[in-house]
Amino acid sequence: MTSNQLDKKSEAWSALFSEPMSELVKRYTSSVFFDKRMWRADIAGSLAHAQMLSAQGIIGANDLAAIQKGMAQITEEIESERFEWKLDLEDVHLNIEARLTQLVGDAGKRLHTGRSRNDQVATDVRLWLREEIDTLAPLLRQMQMALIEVADQNVDTILPGFTHMQVAQPVSFAHHLLAYVEMFSRDEHRLADVRKRVNHLPLGAAALAGTSYPLDREMVAKSLGFDGVCQNSLDAVSDRDFAIEFSSFASITMMHVSRLAEEIVLWMSQNFSFIDLADRYCTGSSIMPQKRNPDVAELARGKSGRVVGHLMGLLTLMKGQPLTYNKDNQEDKEPLFDTVDTVRDTLRIMSEMVGGITVKKDAMERAALKGYATATDLADYLVKKGLPFRDAHEVVAHAVKSAIHLGRDLSELPLESLQAFNASIGQDVFEVLTLRGSLNARNVLGGTAPAQVRAQLARHRARLS
Ligand code: ARG
C-alpha cells in the first residue's frame with residue numbers, strides 16, 4: 001500500500017475491492033479503540049523486526065535509521081496524546097504503520113516485509129502480557145506480606161475454626177491468615193509458570209506458513225527478551241493458550257480473593273464482630289444511618305465472577321477454531337485486558353485493606369469458647385488415658401449433650417460430673433479444655449500450635465525477603 005492507500009484503507013483494501021467497507025462493518029471489525037493499549041509492544045516488536053531485517057540485508061541501514069527515527073516520533077506523539085488514532089485504520093498495527101509511512105515514506109512501507117499482522121498481533125499480546133505479569137507478581141507478594149504482618153500480631157489470638165460453618169476447633173488467627181498466604185504463594189508460582197509459556201516469539205511465522213525472506217527469528221527473540229521461538233508457524237499465529245492459562249491463573253487468584261473477601265464480610269457483620277475495617281474502605285447507606293458496609297470486600301468477591309467469565313469466554317472463543325488465524329482471535333483482547341485490570345486493582349485494594357484491619361481479639365476468643373470447640377481435646381485426653389478413639393468420641397458426645405442441657409461449657413462442668421462419663425478423667429483435664437491448651441496440643445507440622453505458626457511465619461518471611 002502507498003501511504004495514501006493506507007490512509008484510505010476503508011475505501012478499499014486493494015485494487016481487488018470494488019466498493020468501500022460499510023460504516024457498520026468498519027466499526028464492527030475495528031479494534032483500535034481497545035488494542036491501542038498495546039502500542040508500546042507494537043513499536044518494540046517493529047523495531048526488533050526492523051533491526052533484524054537490516055542485519056540480514058533485507059532492508060538497508062538507511063531504512064532502519066528512518067524507521068527508528070519515525071518510531072521515536074510516534075512514541076512521543078502517543079505519550080503526549082497527540083497521536084490521532086483512526087477507526088478507519090482498524091487496529092493499533094495499521095495505525096502505527098500508516099503514521100510511520102506518513103513520516104518516513106518508503107522505509108515505512110518496507111517494515112512489513114516478512115511479517116503479517118497475524119504474527120505481529122500474537123507477538124504484541126505476548127509482550128504486553130509479559131509486562132503485566134511482571135507488575136502482578138510483586139502485588140501477589142504484597143498481598144502475602146500484608147497478611148503476614150497481621151498474622152505476626154495475632155499468633156496468640158484465638159478464634160473458632162469452622163467446618164460446615166459450624167464451630168469445630170479453636171485455631172490461631174495467624175494460622176487462619178497464613179492459609180491465605182499459602183494460596184497466594186501458589187498463585188505466585190502459577191503466574192511464574194504461565195510466564196514461561198507467554199514468553200515465546202511468534203514473529204517470523206508471517207501470515208501462517210513462515211516467510212521466504214531469510215529472517216533470523218532467534219535474533220528477534222533475543223532482542224525482545226523472549227526465552228524462545230514458537231517452533232511451528234501455524235501454531236504461532238493461532239495459539240492463544242497463553243492467554244487462557246493466564247486467565248486460569250487469574251480466576252484461581254480471584255477465587256482465593258473471593259474466599260478471603262467473604263470471610264471479611266462475615267467477620268465484620270454484627271453477628272461475628274471479629275474485625276473492623278477502616279472507614280476509608282466502607283460505605284454508608286442512604287437510608288440507614290447506622291450502616292457501615294464492607295463494599296470493597298463484596299465487590300472483590302463479585303469481581304471474581306467477571307474474571308472467571310472471561311476465562312470461559314476465552315475458552316469458548318478458541319474452541320473449535322480451525323487452524324490458523326481467524327478474526328475471532330481479535331476477541332481475545334478485551335477479556336484479557338479486563339482480567340489484568342481487575343486482578344491488579346483487586347490485589348492492590350485488598351492488600352491495603354487487609355493490612356489495616358482491626359482485630360477484635362476478645363470477641364474472637366469469646367466465640368471460640370462457644371460451640372464446644374475443645375470437645376476433640378477431651379476425646380484425645382481420654383485416648384491418652386487408654387481409651388480407643390471411637391469409645392472416647394462416644395463418651396465426649398454424652399458429656400457435650402449434658403453440657404448443652406446445662407447450658408455450660410465442658411470446662412465449666414465440675415470434675416465429678418465429668419468423671420461420671422469416664423472414671424479416668426482427672427483434675428488435669430481442665431488444662432486440656434482451655435483454648436490455649438487445645439492450641440498448644442496441635443504441635444504437629446502445619447498445625448495451629450503457636451510454635452508451629454511462628455515457624456511458618458519465619459519460613460514465609462524468608463521466602464518473601
Ligand atoms: N486486529 C487483529 C487482531 O486483533 C490483528 C490481526 C488481523 N489479521 C488479519 N488477517 N485480519 O487479531
Side-chain angles (χ1 to χ4, degrees), residues 139-185 187 253-285 288-304 345-371 373 435-436 438-439 448-450 452-454 456-457 460-461:
L139 292 177
L140 278 168
R141 295 168 81 80
Q142 192 177 307
M143 183 79 222
Q144 294 175 66
M145 278 314 294
L147 289 160
I148 284 172
E149 296 304 341
V150 181
D152 204 48
Q153 303 301 308
N154 289 285
V155 173
D156 297 307
T157 305
I158 299 178
L159 83 165
F162 296 89
T163 59
H164 311 271
M165 221 36 226
Q166 307 289 312
V167 170
Q169 290 172 354
V171 293
S172 148
F173 187 46
H175 193 53
H176 193 113
L177 294 173
L178 291 184
Y180 286 100
V181 173
E182 294 287 338
M183 295 180 220
F184 292 119
S185 138
D187 294 332
T253 300
M254 287 300 288
M255 175 272 284
H256 293 152
V257 167
S258 78
R259 297 179 71 184
L260 178 59
E262 168 67 5
E263 298 219 84
I264 289 173
V265 170
L266 282 175
W267 292 340
M268 166 109 178
S269 97
Q270 287 79 358
N271 301 315
F272 279 79
S273 235
F274 283 2
I275 61 160
D276 203 0
L277 295 175
D279 275 343
R280 63 184 176 282
Y281 300 112
C282 296
T283 59
S285 156
M288 297 167 283
Q290 85 283 13
K291 294 279 274 190
R292 276 173 77 250
N293 298 327
D295 279 27
V296 169
E298 292 167 62
L299 257 181
R301 188 177 58 185
K303 281 177 191 288
S304 62
D345 290 353
T346 302
L347 286 175
R348 261 193 204 143
I349 200 159
M350 284 291 285
S351 53
E352 269 184 37
M353 191 173 74
V354 164
I357 61 170
T358 306
V359 179
K360 299 182 177 172
K361 300 187 183 197
D362 294 344
M364 285 188 180
E365 199 154 327
R366 271 198 306 279
L369 286 169
K370 286 186 214 149
L435 296 180
R436 265 156 243 290
S438 171
L439 243 65
T448 193
Q452 293 292 339
V453 176
R454 284 205 181 85
Q456 293 292 338
L457 267 171
H460 286 302
R461 277 196 192 283

Can you tell me how far [atom2] of [Y] sits from [atom1] of [X], rounded to the nearest 0.5 angstrom?
X	Y	atom1	atom2	value
Thr253	Asp187	OG1	CG	3.5 Å
Thr283	Arg280	OG1	CZ	15.0 Å
Ile158	Thr448	CD1	OG1	8.0 Å
Asn293	Leu277	CG	CG	11.0 Å
Asp362	Thr157	CG	OG1	9.5 Å
Met353	Tyr281	CE	OH	8.0 Å

Looking only at heavy atoms, which two atoms of [X] and [Y] are closest? And how far apart?
X	Y	answer
Ala300	Thr346	CB-CG2, 3.9 Å
Ser185	Gln144	CB-OE1, 3.3 Å
Phe162	Val167	CD2-N, 3.7 Å
Leu178	Ala151	CD2-CB, 4.2 Å
Ser273	Ala363	O-CB, 3.3 Å
Ile264	Ala297	CG2-CB, 4.0 Å

Within 6.0 angstrom of Leu369 CG, more than 12 heavy atoms from elsewhere | yes
Return yes when atom CD of Gln290 has more than 12 non-hydrogen atoms of other residues, nucleotides or ligands closer than 6.0 Å, and no otherwise.
->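 Yes, enclosed.
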Please identify each residue that fulfils side chain to side chain donor-acceptor pair (under 3.5 Å) with Arg366, with sequence neighbours left out.
-> none
Residues at least two apart in sequence or cross-chain that pass side chain to side chain donor-acceptor pair (under 3.5 Å) with Glu263, listed by chain then number, are His176, Tyr180
Evaluate the criterion side-chain contact (heavy atoms from CB on, under 4.5 Å) for residue pair Leu266 and Met165; output intermediate values, then yes/no.
-> CA-CA 11 Å; Leu266 282 175; Met165 221 36 226; 3.7 Å; yes
Is the side chain of Arg348 donor-acceptor paired with the backbone N or O of Met143 at a distance under 3.5 Å, no angle test?
-> no
Examine distances only and state if a side-chain atom of Ser172 and a backbone atom of Val155 form a donor-acceptor pair shorter than 3.5 Å.
->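 Looks like yes, one N/O pair under 3.5 Å.
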Does some side-chain heavy atom of [Y] sit less than 4.5 Å from a side-chain heavy atom of [X]?
X	Y	answer
Phe274	Pro160	yes
Asn154	Lys361	yes
Val257	Ser304	no
Glu298	Glu262	no

What salt bridge (charged side-chain N to carboxylate O under 4.0 Å, His left out) pairs are there with at least one residue in residues 267-279, not counting sequence neighbours?
->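 Sorted result for residues 267-279: Asp276-Arg292, Asp279-Arg292.
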Report the C-alpha distance between Gln456 and Glu182 in whole Å, list the side-chain angles of each, state the deciding distance to 0.1 Å, and finish with yes or no for side-chain contact (heavy atoms from CB on, under 4.5 Å).
-> CA-CA 10 Å; Gln456 293 292 338; Glu182 294 287 338; 4.1 Å; yes
Please walk me through it: do Met183 and Arg259 pass side-chain contact (heavy atoms from CB on, under 4.5 Å)?
-> CA-CA 11 Å; Met183 295 180 220; Arg259 297 179 71 184; 4.0 Å; yes
Under 4.0 Å between a Lys/Arg side-chain N and an Asp/Glu carboxylate O for [X] and [Y]?
X	Y	answer
Arg301	Asp295	no
Glu365	Arg436	yes
Asp152	Arg461	yes

So Phe184 and Leu147, side-chain contact (heavy atoms from CB on, under 4.5 Å) or not? Walk me through it.
-> CA-CA 10 Å; Phe184 292 119; Leu147 289 160; 3.8 Å; yes
